[in-house]
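Down below is the structure, laid out as structure tokens.
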2 protein chains.
Amino acid sequence: MEIVKMPLGMVVIKMLKPMFCVLEMRAAKQTDLKLTMPQFVLLFTINEEKEEVILKDMAEKLGKDKSAILRMIDLLEKKELVRRVVDQNDRRKNQLMVTKKGERLIAEFRKIESELNSELLEGLSEADMETFYKVANHIQIKSEQLKIASTI
Amino acid sequence: MEIVKMPLGMVVIKMLKPMFCVLEMRAAKQTDLKLTMPQFVLLFTINEEKEEVILKDMAEKLGKDKSAILRMIDLLEKKELVRRVVDQNDRRKNQLMVTKKGERLIAEFRKIESELNSELLEGLSEADMETFYKVANHIQIKSEQLKIASTI
DNA sequence: TTTATTAGTTGCATATGTCAATCATTATTC
DNA sequence: GAATAATGATTGACATATGCAACTAATAAA
């Protein structure tokens, strides 16, 4: 398998590209609202947080400039997927909340994704997938450590 | 491990983000030329081809519009990493060639990447990584099949 | 030799992204 | 308690990224 000679990042990008392509096509068919990938990732990440989140948190978490996040939130708010709510304890902050509509969209997307996954993973064992997730998780954690270390 | 509940795409994105962040920081330190990720992926993909490649091929392969690729090639050409050469058999076509400078950049990047990889993969077994690559490859191939199937 | 197809290009619109400057609010310090 | 600093959000300027539609030049098909 010559694939092993390819840089890890490239391997993953090459996997992700056609996968997201199919995902986008299917999502476009079933939902009228069309989100770009960065928008969806932002929406998903806000939703995922258990604590209150503000713009600054998302900028840090996604590794982008605040203004980039701000403009995406503008778009998400225009589509009624996210709301800004002023924090009454600190009026500089806007808490970001996913609306019911946003939650429905995420649920819909998750369904499409899980259907796609079962097609994509056909032929792979449970054990293989556990290993895959383990490796992905490992790389994520290590990368974050390195990122923090080199930022200091 | 609750991570398994996350959509596969999200898991991979979450792995890729900090990894690329570190990669970019290190690459920026060692090379004066700064490429964006899409530019680098394009450069790498042109380089990877064994046969002659033209703009149209890259647009198809990367799943983007011809004009998007065209403008990136403009940028890569301006940076002297890629050259267009008119195909003498069919003068509509421009063959894309990676320059020596481009090749050096790729080699440099590969080195940085492989160093990073050995840090990131520390603690994972060979067998784990083989499984990871196998799964990634499997997903890529299946996705491409689905993509083609749904395009027809 | 018309006509159709193909590869590349251009204009336009939107999205994404960084940086620097600014505004309002809250914390700190003297 | 008033001046100053720090924080969070916003804006403007600018470059890149991306898709769509219209167009040009070259080649293939009729």
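On a predicted model such as this, the values are computed, not experimentally measured, just so you know. Order of the sequence lines fixes the chain letters, A, B, ..., with proteins taken first and strands second; residue numbering starts at 1 for each chain.
Atom P of nucleotide C:dG17 and atom CG of A:Leu75 are separated by 12 Å, given to the nearest angstrom. Spacing between atom CG of A:Asn94 and atom P of D:dT11 amounts to 11 Å, rounded to whole angstrom units. The interatomic distance linking B:Leu35 (CG) with C:dG17 (C1') rounds to 16 Å, in whole Å. Atom pair A:Leu33:CG and C:dA15:P shows a separation of 13 Å (rounding to whole Å applied). For the pair B:Lys56 NZ and D:dA26 P, the interatomic distance rounds to 19 Å; values are reported in whole Å. Here D:dA26 presents its C1' atom at 13 Å from CD1 of B:Ile54, a figure rounded to the nearest Å. Straight-line distance from the NZ atom of B:Lys64 to the P atom of C:dT14: 21 Å, rounded to whole Å. Rounded to whole Å, atom P of C:dG17 lies 7 Å from atom CD1 of A:Ile69.
When the nucleotides C:dT16, C:dT25, D:dT10 are ranked by their closest atom to the side chain of A:Gln39, C:dT16 comes out on top. Here the nucleotide nearest the side chain of B:Arg92, chosen from C:dT16, C:dT25, D:dA26, is D:dA26. Closest to the side chain of A:Thr36, out of C:dG17, C:dT26, C:dA15, is C:dA15.
Side-chain nitrogen and oxygen atoms of A:Asn89 include none within less than 4.0 Å of the OP1 or OP2 phosphate oxygen of C:dT25. Taking side-chain N and O atoms only, A:Arg84 has no distance below 4.0 Å to OP1 or OP2 of D:dG8.
At the heavy-atom level, B:Lys66 lies under 4.0 Å from base atoms of the strands shown. Residue contacts shown for B:Asp65 include a base, since a base heavy atom lies under 4.0 Å away. At the heavy-atom level, B:Leu55 lies under 4.0 Å from the strands shown only through sugar-phosphate atoms.
For a distance-only test at 3.5 Å, the side chain of B:Arg71 fails to qualify as a donor-acceptor partner of the base of C:dG8.
Put simply, the side chain of A:Ser118 gets close to the backbone of A:Glu115: a donor and an acceptor are under 3.5 Å apart. With A:Thr99 contributing its side chain and A:Glu80 its backbone, the two residues share a donor-acceptor pair below 3.5 Å. Looking only at distances, a side-chain donor or acceptor of A:Asp57 sits under 3.5 Å from a matching main-chain atom of A:Ile54.
For the pair B:Glu60 and A:Arg91, both in contact range of DNA chain C, the more 5′-proximal nearest nucleotide belongs to B:Glu60. Along DNA chain C, the nucleotide nearest to A:Asp87 and the one nearest to A:Lys79 differ in position, and the one closer to the 5' end is contacted by A:Lys79. Both A:Ser67 and A:Asp90 lie close to DNA chain D; mapped to their nearest nucleotides by heavy-atom distance, the more 5′-ward contact belongs to A:Asp90.
Ionic pairing of B:Asp74 and B:Arg84 is present here: one or more N-O contacts between side-chain nitrogen and carboxylate oxygen are shorter than 4.0 angstrom.
For the residue pair A:Lys79/A:Gln39, the side-chain donor-acceptor check at 3.5 Å is satisfied.
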